Amino acid sequence: MEKIFNNTQVAFSLKSDTELERAYFLFKLIESQPLVRIGTAVTNFALKAHLPVEGLIRSTVFDHFCGGINEKDCLSVVDKMFTKGVSSVLDYSVEGKEEENQFDAALEMTLKTIEFAKERLAIPFAVFKPTGLGRFALYQKIGEGKSFTPEEQAEWNRVVARFDTVCKMAHDKDVAVLIDGEESWMQDAADDLVTEMMRKYNKEKAIVFNTLQLYRWDRMEYLRKLNAIAKAEGFYVGMKLVRGAYMEKENARAEEKGYTSPICHSKQATDENYDTAVAYMLDHIDHMAIFAGTHNENSSYRLMELMAERNIAKNDPRIFFGQLYGMSDNISYNLAANGYNVAKYLPFGPVRDVMPYLIRRAEENTSVAGQTSRELDLIKKERARRKL
Ligand SMILES: Cc1cc2nc3c(=O)[nH]c(=O)nc-3n(C[C@H](O)[C@H](O)[C@H](O)COP(=O)(O)OP(=O)(O)OC[C@H]3O[C@@H](n4cnc5c(N)ncnc54)[C@H](O)[C@@H]3O)c2cc1C
């Protein structure tokens with residue numbers, strides 16, 4: 001497969017020199033673990049103390065990784081990216097809420113993004129997090145096989161109703177919806193609920209997408225079983241394929257509680273698991289759809305290769321590549337320039353509320369080996385090219 005991801009002219013075609021410098025500065029900061037730790041602590045303190053730091057956050061890290069403070073605010077970014085063929089997934093990135101009115105607010109916001117997507121070619125998917133619509137502890141309790149009190153049962157019924165409202169609207173408006181994957185000890189309940197939604201709303205095509213976290217060694221077995229159920233019952237399987245974002249937390253919990261970690265024993269095993277899932281889904285693409293959420297160049301090349309081998313068109317609507325806004329533009333923009341379907345998650349929300357998301361991005365960029373240095377190398381290469 002021709003190597004296309006090193007073309008920095010395409011990758012950064014939308015970035016002005018100033019924006020390129022800001023990106024360099026940010027990734028340079030993020031490269032340093034102590035700086036990320038100090039920066040996180042200072043920012044959290046400043047926000048709690050109501051110091052006027054939101055403007056500063058907004059013009060630096062926020063604008064690099066987020067589209068805006070609300071969905072309308074994102075539109076200029078959405079339109080700009082789409083001029084290069086890169087689509088957006090508006091991601092309401094307010095996390096860690098635990099109250100009913102907050103779940104209802106997240107529901108309303110998700111419905112709004114579906115309406116928004118319906119009107120715009122540039123937004124092919126909506127997205128939400130299971131714990132955005134219901135309490136983590138409820139999912140966990142189901143996963144552990146514990147029974148609910150009558151109050152909890154009523155609360156869970158409301159979670160199910162919120163899922164159904166989103167997926168029904170997605171179906172009626174013909175906008176696909178991605179449902180994020182989270183920690184393994186809540187995921188079983190989410191999986192069952194998402195499967196129920198697929199059963200109901202994926203009869204004609206994949207509208208509802210679950211997430212498969214391939215750092216889990218049990219996920220291929222899960223996918224095969226789901227495929228058998230889908231085939232027997234006649235529904236489509238939509239799946240976002242990712243490696244998984246909670247590795248440290250998963251391993252630490254397993255060790256603390258003394259059970260076998262659900263995470264693959266090595267990075268290589270995770271990579272192989274990812275490739276196996278991609279190939280498996282392509283083998284069953286007649287009733288499946290893939291959203292490959294990855295910043296890994298090899299995985300992206302592998303998917304491109306497999307599509308070519310199977311004579312699947314680059315812009316086949318059943319296959320999307322996905323990256324996060326502010327990261328791996330070299331993959332997104334070069335894929336789009338070569339005719340593939342690409343959508344970037346575009347997080348939005350009030351500055352204060354998306355801080356947990358931003359902190360995770362900073363920590364991930366510090367911990368995922370090679371990712372930040374790759375971003376820095378690409379920016380340096382582009383700077384040099386522009387000077388010439
Ligand atoms: C569009 C998009 C949507 C996403 N949605 C979700 C989501 O819903 N849920 C979610 O959990 N994550 C999600 N992620 C994050 C994703 O799971 C990864 O954390 C992130 O993308 C880094 O993985 P990678 O495939 O890009 O590449 P790489 O940089 O090649 O892989 C890094 C990943 O490999 C795994 N890994 C690293 N070291 C080891 C090891 N020693 N043993 C085993 N495995 C290891 C970890 O998962 C780590 O994050 C999403 C990412 C994208 C781009």
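Predicted model, so just to flag it, every value in this text is computed and none were measured. Ligands are counted one by one from 1 in listed order, and the atoms in each one are counted from 1 as well.
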Are Phe62 and Leu56 linked, directly or through other ILVMFWY residues, by side chains that come within less than 4.5 angstrom of each other? no

Within reach of ligand 1, part of His295 (heavy-atom separation under 4.0 Å): both

With heavy atoms under 4.0 Å as the rule, classify the contact between Glu182 and ligand 1 as side chain, backbone, both or neither. neither

Is it possible for you to say whether Val237 and Met220 belong to one hydrophobic cluster, with membership spreading through side-chain heavy-atom contacts below 4.5 Å? yes

Per-atom contacts, ligand 1 versus Thr294 - under 4.0 Å to a heavy atom: 24 (P), 25 (O), 26 (O), 53 (C)

Which ligand 1 atoms does Gly322 reach within 4.0 Å, using its non-hydrogen atoms? 1 (C), 53 (C)

Taking the six-membered ring for Trp and the single ring otherwise, decide whether the centroids of Tyr357 and Phe65 are under 6.0 Å apart. no

Between Tyr139 and Trp185, ring centroids under 6.0 Å: no

Roughly how far, to the nearest 0.5 Å, is OH of Tyr325 from SG of Cys66? 9.0 Å

So, is Asn296 polar-close to ligand 1, with some N/O to N/O distance under 3.5 Å? yes

Report yes if the distance between the aromatic ring centroids of Phe27 and His64 is under 6.0 Å, otherwise no. yes

So the atoms of ligand 1 within less than 4.0 Å of a heavy atom of Met247 turn out to be 36 (N), 37 (C), 38 (N), 39 (C), 40 (C), 42 (N), 43 (C), 44 (N), 45 (C)

Applied to residues 251-266, the salt bridge (charged side-chain N to carboxylate O under 4.0 Å, His left out) test, sequence neighbours excluded, yields none

If we set the cut-off at 4.0 Å for heavy atoms, which region of Lys240 has an atom near ligand 1: side chain, backbone, both, or neither? side chain

For ligand 1, which atoms, with element, lie under 4.0 Å from some heavy atom of Cys264? 42 (N), 43 (C)

What do you reckon, is CD of Glu221 surrounded by more than 12 foreign heavy atoms closer than 6.0 Å? no

Below 3.5 angstrom, do we get any N/O pair linking Arg243 and ligand 1? yes

Distance under 4.0 Å to a non-hydrogen atom of Asp180: what atoms of ligand 1 satisfy this? 8 (O)

A student checking ligand 1 against Ala245 at a 4.0 Å heavy-atom cut-off should list atoms 10 (C), 11 (O), 12 (N), 17 (O), 19 (O)

Pairs flagged by salt bridge (charged side-chain N to carboxylate O under 4.0 Å, His left out) wherever residues 49-62 is involved - sequence neighbours left out: Glu54-Arg352, Arg58-Asp63, Arg58-Asp73

Is the contact between Tyr274 and ligand 1 made by the side chain, the backbone, both, or neither, using heavy atoms and a 4.0 Å cut-off? neither

Counting only nitrogen or oxygen atoms and a 3.5 angstrom limit, does Asp271 reach ligand 1? no

Ser299 contact mode with ligand 1 (heavy-atom cut-off under 4.0 Å): neither

Per-atom contacts of ligand 1 with Tyr246, taking only distances under 4.0 Å to non-hydrogen atoms: 11 (O)

Report the member of Asn298, Val127, Val242 with the shortest heavy-atom distance to atom 14 (N) of ligand 1. Val242

Can you find an N or O of Gly181 that's nearer than 3.5 Å to an N or O of ligand 1? yes

Distance-only N or O hit between ligand 1 and Gly244, under 3.5 Å: yes

Heavy-atom nearest pair, Pro350 first then Val94, reads CD-CG2, 4.1 Å

List the steps, then state whether side chain to side chain contact (heavy atoms under 4.5 Å, CB included) holds for Glu204 with His171. CA-CA 10 Å; Glu204 303 99 22; His171 173 264; 3.2 Å; yes

Considering the heavy atoms of Thr270, write down every atom of ligand 1 situated less than 4.0 Å from one of them. 43 (C), 44 (N), 45 (C)

Does some side-chain heavy atom of Trp217 sit less than 4.5 Å from a side-chain heavy atom of Ile263? no

